[in-house]
Amino acid sequence: MARKKWSDLTSGQQRAILVAGCVQLSLAATAWADLARRPASEIVGSKGKWAAIIAINFVGPIAYFTRGRRVVAAEALS
């Protein structure tokens, strides 16, 4: 199967790709910003490892938000 060119895609397909790309970039940027601001003691593993994992499409940022951050008790924040 030959690869399609951008111009061969329907406008709906183009829009879906752009939306998916924006969501991916937003997730990654948010995860990297959180990682940069969060103290190392609140990260499970090393910050370098998580910075690399976040670069993996949708899976990386979601993994960081679900498994990479330590849960801080509400009492400790007060």
Side-chain angles (χ1 to χ4, degrees):
M1 186 167 152
R3 292 178 69 181
K4 288 187 175 183
K5 294 180 183 176
W6 182 257
S7 59
D8 294 336
L9 299 175
T10 66
S11 62
Q13 291 171 325
Q14 291 175 350
R15 196 172 309 122
I17 291 170
L18 290 173
V19 168
C22 288
V23 169
Q24 165 58 30
L25 288 174
S26 297
L27 276 172
T30 303
W32 278 317
D34 183 82
L35 181 64
R37 291 185 177 100
R38 191 171 294 273
S41 61
E42 293 181 16
I43 302 294
V44 176
S46 73
K47 283 188 163 196
K49 175 186 84 169
W50 281 110
I53 290 172
I54 290 168
I56 301 169
N57 287 337
F58 296 95
V59 175
I62 292 170
Y64 170 72
F65 286 121
T66 58
R67 301 192 185 262
R69 303 181 306 167
R70 294 189 194 281
V71 177
V72 179
E75 299 86 35
L77 294 175
S78 301

Please table the atom pairs, donor to acceptor, closer than 3.5 Å between any side-chain atom in residues 5-12 and protein atoms at least two apart or in another chain.
residue : atom : partner : partner atom : Å
Asp8    : OD2  : Lys5    : N            : 3.2
Thr10   : OG1  : Gln13   : N            : 3.1
Thr10   : OG1  : Gln13   : OE1          : 3.4

Task: Closest heavy-atom pair and its distance - Val44, Arg70 - done: CG2-CG, 3.8 Å
Open item on the list: Could you measure the distance from the CZ atom of Phe65 to the CD1 atom of Ile54? Nearest 0.5 Å is fine.
Closed with: 7.0 Å
TODO: Can you measure from CD1 (Ile62) to CG (Asn57) and round to the nearest 0.5 angstrom?
DONE: 10.5 Å
Open item on the list: Can you pull out every side chain to side chain donor-acceptor pair (under 3.5 Å) where at least one residue sits in residues 25-38? Sequence neighbours excluded, please.
Closed with: Asp34-Arg38, Asp34-Tyr64, Arg38-Glu42
